S.K.: 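Would you mind keeping the following structure in view while I ask a few things?
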Amino acid sequence: MASMKPSVDCAETPLLAPLGGSTVVGVPPTGYTDKYAGLTPHEIAVLSGQVEIPNVKTTFFSAYRFATKRDILLVSFAALLAIIEGSIKAIMPIMFGLFAQNFVNYIESRDFYDIYGGYENFVRYNATFHNVTSIETTDFQSKLYYESPYYSSTFNYTFVPEYISPYEFQRQANFDAIYFIYFAIVEFITSYVSTFIFNDRGEVLAARIRKNYLASIMKQNMAYFDNIGTGEITTRISSDTLMIQDGISEKLGYLIAFCSTFVCSFIVGFSLSPRLAGLLSSIAVLIVASFYFASSRMTTLYKQASNGASSGSVIDEILSSIRNVQAFGIQERLAAKYDYTLGHSQKYAQRAGFYAGAITGIAWLGLYLDDAMVFWQGAKFLARGEISLFAVVTILPSMVLGLLAITSIAPHVRAVAAATSAINKIYTTIDRESAIDSSSKSGRTLSTIEGNIELKNIKFIYPSRPDVIVMQDFNLQIKAGACVALVGASGSGKSTIVGLIERFYNPVCGQVLLDGVDIKDMNVKWLRQHVGLVSQEPILFAGTIFENVAFGLVGTSHECASEIEKRELVEEACRQANAMIFIDSLPKGLDTHVGERGFLLSGGQKQRLAIARAIVANPKILLLDEATSALDTNSEGIVQDALDRASKSRTTIVIAHRLSTVTDADMIVVMKRGTILEKGTHEELIARRGEYYELVQTQNLQRHANDETETLLDNALEIDSAEDLLDEKVVVLDAQDREGWSEEDKVLDSDEEALLLSRTNTAKSISSFLVPNVEGYQERKYSVIELVKFLYELSLPERNINIAAFVCAVIMAAGYPYNSIIYSDGVDALGELPDVDRMNQRLLKDIIIYLIMGAIELIFPIMTVGLFTYAGQRLVRRIRMHTLRQISRQDISFFDRTENTAGALTFAISRDSGAIEGLSGVTLGQIVSSLIMIFGGLGVGLVVALKLAAVSSPCVPLLLGAGCYKFYLLAKHQENVTEAYSKSSSYASEAAASIKTVVALTREDDIVATYASTLDTIYRSGRRQNSYTAAIYGVAQALVYLTQCLMFWYGSNLVRTDGYSVFMFFVAVIAVVNGSQYGSIVFTYAVDMAKAYDAAGNIKRLYDRKPAIDSWSDDGIVPHNVQGNVEFKNVHFRYPTRPNVPVLRGLNLSIKNGQYVALVGASGCGKSTTVGLIERFYDPLSGQVLLDGQDVSSLNINAYRSHIALVQQEPTLYSGTVRENVKYGSLDTEVSDQQMIEVCKQANIHDFIMSLPDGYDTMCGTKGSLFSGGQKQRIAIARALIRDPKILLLDEATSALDNESEKIVQAALDIAAKGRTTIAIAHRLSTIQKADVIFVLENGRVLERGTHQELLANKNKYYELVKLQELENNEH
């Protein structure tokens, strides 16, 4: 096992200990006590209706809500078969009693007549012997006794046993043994069919629950997602639905069968002797009452433990922002937050384990009390002639079997209890009525839409922040066909207007009217189908470019159009959005895959596809929320021109920070804090010299003549389009497609040894030579022994606890083989009659032993299961923690792989740790006990009855073999479905994370249908495997009866030929056969073992994976006195997941310490890649990245990154307070609030934070969902500044800011840049005019460099970019 970085053992830390360096997670600030204070009842109702999740009452049978009549019929039939299966087991004691009666009668007859040398001698002797003078009436062994007057002169043989010939005895034994064969056949059929149906329908019904849960998620209003994270949704749809499936599949069948055995066993007992059975039932009532109490407490505790599933949101936050996490080195701090939530689950689950053990212990106590009761009262009834030996011997094993069934159901009850708890959590969402239900068919639809929009007397409050009023008495009219621009500071309410028109939220007062009709009265889905939306952060879905753009046709008349017609519409939309330039450059064109959330494309490419998707259906209303914010200058002008043309003949609302994009708008609305300051055209507002004029001056914009703009746009169309061929995020292309690439796309080298890049005739670059030599990570398979060793090493901290639990398990399980000796001795003692005193003397000893064993078997199961659960929960908690830490330890290339999405990894953590948990506690205790019963019973049998045990012992390996083969089949099946379920969960997670885009495109039904199709594929692929495993289980069950058939047949032969006693026979039968039968219960956990085997392999593979760039490594030089000189020397780079797409092709640049350097260029030119290499997210294929003359690959990664701070284009915040989020940037976890406030002032966010009721204790929501994009960006900038870095990396750091904030933040950044090296990526060139050096990148190389003035004088690429942004030349 790979060594793990030393850290505080989470399992050893206090469960509820406060986290160092952060406030208590999940405890709301004091100010939230009365969050609706000051609001009217109507306003409270509107807000609470959007966020509150009412409690729903559910039962286990709620799992069958979505079952059809056919499903109910099949499940009922399976339940009937399970009842029959269980009842057959209850019949076995009758057969046992018959054999016992026959054996006792025969042995008594055999022993009696052997005194006379046989039955014939006895008859002959009594016919001739009459001279009897004295008699010893108590000498039962004296032959004179039988001729005494005690019997009567007529030879009334009252106490003379009936003669049973060996032939007659063997014939009867053979006849009875045949019934076992019949039972085996019936057992095979019932167990096979019922198990298959339960598994089959469990899969189907769980899939329907998953589908309905996702459908419910898709229809929820946006406020619901403000309070629930994507990770929690992923956990519910993966982990919780698996619990439900587990509880309604084969384990339910086992539970029904065991309950049937329990009930039928009591029926058998009462039918033979109501009095004796009644006495035993009194014990059973006590046991059942105790069982009910313990199981209720266990269910409650497991339900409380499952509340820790919200930790899935923490995982998703970490993994979906892994670049930010690694850049700031906050893996351990965020992991500690995750561990904190796990502590609650561990605490309750550990308590539940002791109650689960109590269930088993109480059942064992009842078993031994029953034994004692039978040998006490049953012997009295037998002596008085009120009951036969057959009844006594049948009732006891029957009642014991019933109690053993209760003992065996504990793990299955746990599965059903866990399913019941999960059902409640799932159905809480399914049954929630959304305040804005997009699935509803109700609501008006208009025959025609003109596009008149009016916001009338709007008062708006975000439901998740009810103490902050966003809008008050807001009024705005937008005429049909008009283009209206909304401008203003971040948080002024611009995006809120978009959310209101899309009906993401409801206003607390006022109306939003479309053509005079309140949109509340309209059908939600119909409304959204006529509105096109392009968000600030473009979202694409896993699939092809064509599929993503065609999603814009959902709900329109073109949705069902032919493929050819759809392609024509998609191509035209992409052409209008300037996307066809890079699409045509791709070998697969529109059929190119974009990756999860479009991660294989650059920001500009994603934005252009999002625009194409919005306009492909030609909507009447177009909403553009910073639609060009992610585009470079070159693309922005062209796309803006396309948007200007697309906005004609439709109502367009544009939110913009770049005022150059809205000067042609019919009306510009200037907003501030939810109110309108002024409105009018660009010229009108400029003439007023008001707020808008100040914003314009801030951006230093000057309106150019239309002809000049058009000329520039025409020139832009001719700019080298090779940018997109070189995009650092182009999709992985297969080898066939790449063969046709032109020479232009390849860089040549001269010699492999020299690693030079000068052009030669080889038609290859040095990077393309190096890529095939980079060894990829190969996943390996592990043997069972390796995985057992691995889990043992993982559980070493709990070694003493596990040893104690194992010892307790041995003592607990050893009771059953020992019971075979005591029980057989008791049955043999009953044969002492008519010597009642001798019988009672022998039975008294057995009764005392049973009472002692009952006390032992009460205590030790509680200790066994409780300790195993205690240790198991500690192990599972540590596995979850270390798994998260191991994942977050991996280098960025690990997360670039398509299978390692945030949703898939979140699901994997939940699934694998849950599988290990399923094998711990009561299940592990049962497995250990079962194995000891099997082999302990075999040992006892061999000692007492060697021949009988030796003949029957080969059947035990058959039982074990059947179970092992079932485990093998399940392990293979588990391996196959794991990947499929991971992909389906990733798909659902992606949809939930992109919920605004999904509902805006009205893709809800499409998402659910695709997900359901995936589940159906999983079901169909696994159905045959389910049949095989069910058949193996049926064979294993039938083997038990066939083994009993062999033992009773061969045992009768030994009694007949070898003089076996009743004691010897019963010891062998009970110890070997019944022990194996009870021990074979271990194979009902084959599913758990298979899941645990697969999970252990996954975890070990992850633990063994050591990344090339290891944040846990202490290797490398620790840099001191860092100056901040950065240099790229002949750097070649290709992304590991795209090895045949060159990104950097011999990049050379030098940055001096203290310089403010800007990187500009078209999308895909390598700017973000350069930042990634500086952060050492990747290592170059060739060349060097130097810090102060030292290769960064030789430096200690953590020490190196401690001198760097990163502000990304898409800001990332984490659930928790503002204070926590800002302090995450500091290397010192105890950084003072004064430092925090200072950097927040520099980032222009302090005043806004202080305006909130809870100030710096305000919760940010999942992924910062409670703040606008600009607010999140400023907090992210503050987080970077508090680090006081030597190198500051700004990847579009001000892209989300309004003009007012940008000016202040830019000034703060200018000040912050002094004394440190600052590297800024910018599309908005106005932000980098004062840079010391500007590098213009193209085709992965530096095209030109210099200051702003120098580059303008060159009139090259930079000059064209500046002209396109219409910057005022005389300003520079």
Side-chain angles (χ1 to χ4, degrees), residues 215 218 438-439 441 443 445-451 502 522-535 538-584 586 588-594 598 601 605-624 627 639 642-643 645-652 987 990-991 994 997-1014 1016:
M218 290 294 102
S438 60
S439 68
K441 303 298 182 183
T445 60
L446 306 181
S447 57
T448 59
I449 298 178
E450 295 181 10
E502 280 276 7
M522 293 182 176
N523 180 269
V524 176
K525 184 168 288 188
W526 177 90
L527 170 67
R528 291 171 178 167
Q529 286 169 351
H530 291 82
V531 178
L533 172 65
V534 181
S535 300
I539 298 295
L540 299 183
F541 301 95
T544 65
I545 292 174
F546 169 75
E547 291 170 343
N548 270 277
V549 178
F551 287 146
L553 298 173
V554 174
T556 69
S557 58
H558 301 290
E559 181 179 5
C560 299
S562 66
E563 182 81 5
I564 297 175
E565 187 177 350
K566 280 187 177 181
R567 280 193 173 268
E568 291 176 353
L569 293 170
V570 168
E571 286 180 7
E572 178 58 28
C574 291
R575 197 169 288 110
Q576 291 184 34
N578 190 32
M580 286 307 296
I581 293 178
F582 80 86
I583 293 173
D584 287 337
L586 302 173
K588 290 188 178 181
L590 288 171
D591 295 318
T592 301
H593 281 266
V594 301
L601 299 179
Q605 291 168 340
K606 287 193 291 183
Q607 191 67 285
R608 278 175 273 178
L609 292 183
I611 293 169
R613 183 175 61 195
I615 63 178
V616 68
N618 194 26
K620 282 292 184 180
I621 301 171
L622 186 60
L623 307 177
L624 305 174
V639 173
L643 290 175
R645 287 185 274 112
S647 64
K648 294 177 181 178
S649 74
R650 60 168 57 93
T651 305
T652 306
Y987 179 80
E990 180 186 17
S994 312
T997 304
V998 169
V999 299
L1001 294 170
T1002 64
R1003 279 201 63 207
E1004 301 96 315
D1005 295 340
D1006 174 51
I1007 291 286
V1008 174
T1010 303
Y1011 180 69
S1013 176
T1014 303
D1016 186 62

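For clarity, every value in this text was computed on a predicted model and none was experimentally measured.
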S.K.: For A573 versus A612, what's the shortest heavy-atom pair and its separation?
M.R.: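 Smallest interatomic distance, heavy atoms only, reads CB-O, 3.4 Å.
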S.K.: For L569, enumerate each residue passing the side-chain contact (heavy atoms from CB on, under 4.5 Å) test, keeping only those at least two apart in sequence or located in another chain.
M.R.: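 Partners of L569 under the side-chain contact (heavy atoms from CB on, under 4.5 Å) test: L553, H558, V616.
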S.K.: Of the non-hydrogen atoms in V549 and C574, which two are nearest, and what is the gap between them?
M.R.: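 Between these two residues, the closest heavy atoms are CG2-SG, 3.9 Å.
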S.K.: Does any N or O in the side chain of S1013 come within less than 3.5 Å of the main-chain N or O of A1009, such that one atom is a donor and the other an acceptor?
M.R.: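 Not a single qualifying donor-acceptor pair exists.
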S.K.: With rounding to the nearest 0.5 angstrom, report the NZ to OG1 distance, K620 to T448.
M.R.: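 K620 NZ to T448 OG1: 8.5 Å, rounded to 0.5 Å.
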S.K.: Please report the shortest heavy-atom distance between V554 and Q529, naming the atom on each side.
M.R.: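 Nearest pair, atom of V554 first, then Q529: O-CG, 4.2 Å.
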S.K.: I'd like to check the side chain to side chain donor-acceptor pair (under 3.5 Å) partners of N523; sequence neighbours left out, ordered by chain and number.
M.R.: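 Checked N523 against side chain to side chain donor-acceptor pair (under 3.5 Å); zero matches.
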S.K.: Does L609 reach the side chain of N548, with side-chain heavy atoms less than 4.5 Å apart?
M.R.: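 They are not in side-chain contact.
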S.K.: Would you call M522 and L446 a side-chain contact if the rule is heavy atoms closer than 4.5 Å?
M.R.: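 Yes, close enough: below the 4.5 Å cut-off.
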S.K.: Could I get the full list of side-chain contact (heavy atoms from CB on, under 4.5 Å) partners for S562, not counting sequence neighbours?
M.R.: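 Checked S562 against side-chain contact (heavy atoms from CB on, under 4.5 Å); matches are I564, E565.
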S.K.: In chain order, what residues pass the side chain to side chain donor-acceptor pair (under 3.5 Å) check against S438, with sequence neighbours excluded?
M.R.: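 Scan of S438 (side chain to side chain donor-acceptor pair (under 3.5 Å), adjacent residues dropped) gives E1004.
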S.K.: With sequence neighbours left out, write down each residue that passes salt bridge (Lys or Arg N to Asp or Glu O under 4.0 Å) with D1016, or none if nothing qualifies.
M.R.: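 Scan of D1016 (salt bridge (Lys or Arg N to Asp or Glu O under 4.0 Å), adjacent residues dropped) gives R1020.
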S.K.: From the options V531, L533, I611, I615, select the one residue that forms a side chain to side chain contact (heavy atoms under 4.5 Å, CB included) with L622.
M.R.: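 Exactly one option meets the side chain to side chain contact (heavy atoms under 4.5 Å, CB included) with L622, and it is I615.
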S.K.: Considering only heavy atoms from C-beta outward, does the side chain of I583 approach that of T592 to under 4.5 Å?
M.R.: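 A side-chain contact is absent here, since even the closest heavy-atom pair is not under 4.5 Å.
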S.K.: Is the shortest side-chain N to carboxylate O distance from D591 to R567 below 4.0 Å?
M.R.: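 Salt bridge present between D591 and R567.
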S.K.: About how many Å separate CZ of R1003 and OG1 of T997, when rounded to the nearest 0.5 Å?
M.R.: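 So the OG1 of T997 and the CZ of R1003 are separated by 10.0 Å.
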S.K.: Listed by chain and number, what are the side-chain contact (heavy atoms from CB on, under 4.5 Å) partners of A610, not counting sequence neighbours?
M.R.: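 Checked A610 against side-chain contact (heavy atoms from CB on, under 4.5 Å); matches are V534, P538, Q607, R613.
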S.K.: Looking at OG1 of T445 and CG of L527, how far apart are the two atoms once the value is rounded to the nearest 0.5 Å?
M.R.: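 Result: 11.5 Å between the selected atoms.
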S.K.: Are E563 and K566 close enough for a salt bridge, meaning some N to O gap below 4.0 Å?
M.R.: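 Salt bridge absent between E563 and K566.
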S.K.: So, using side chain to side chain donor-acceptor pair (under 3.5 Å) as the criterion, who are the partners of K525 when residues are at least two apart?
M.R.: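 For K525, the residues satisfying side chain to side chain donor-acceptor pair (under 3.5 Å) (neighbours in sequence not counted) are D1005.
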S.K.: Test your reading of the model: is there a side-chain donor-acceptor pair from R528 to the backbone of E502, 3.5 Å cut-off?
M.R.: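 At least one qualifying donor-acceptor pair exists.
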S.K.: Applying ring-ring contact (aromatic ring centres under 6.0 Å, His included), can you list everything that pairs with F551, at least two apart in sequence or on another chain?
M.R.: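 So F551 forms a ring-ring contact (aromatic ring centres under 6.0 Å, His included) with F541.
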S.K.: Tell me, please, which residues at least two apart from E450 pass side chain to side chain donor-acceptor pair (under 3.5 Å).
M.R.: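 E450: side chain to side chain donor-acceptor pair (under 3.5 Å) contacts with N452.
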S.K.: Would you name the heavy atoms of M580 and E571 that are closest together and state the gap between them?
M.R.: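 In terms of heavy atoms, the two residues are closest at CG-O, 3.8 Å.
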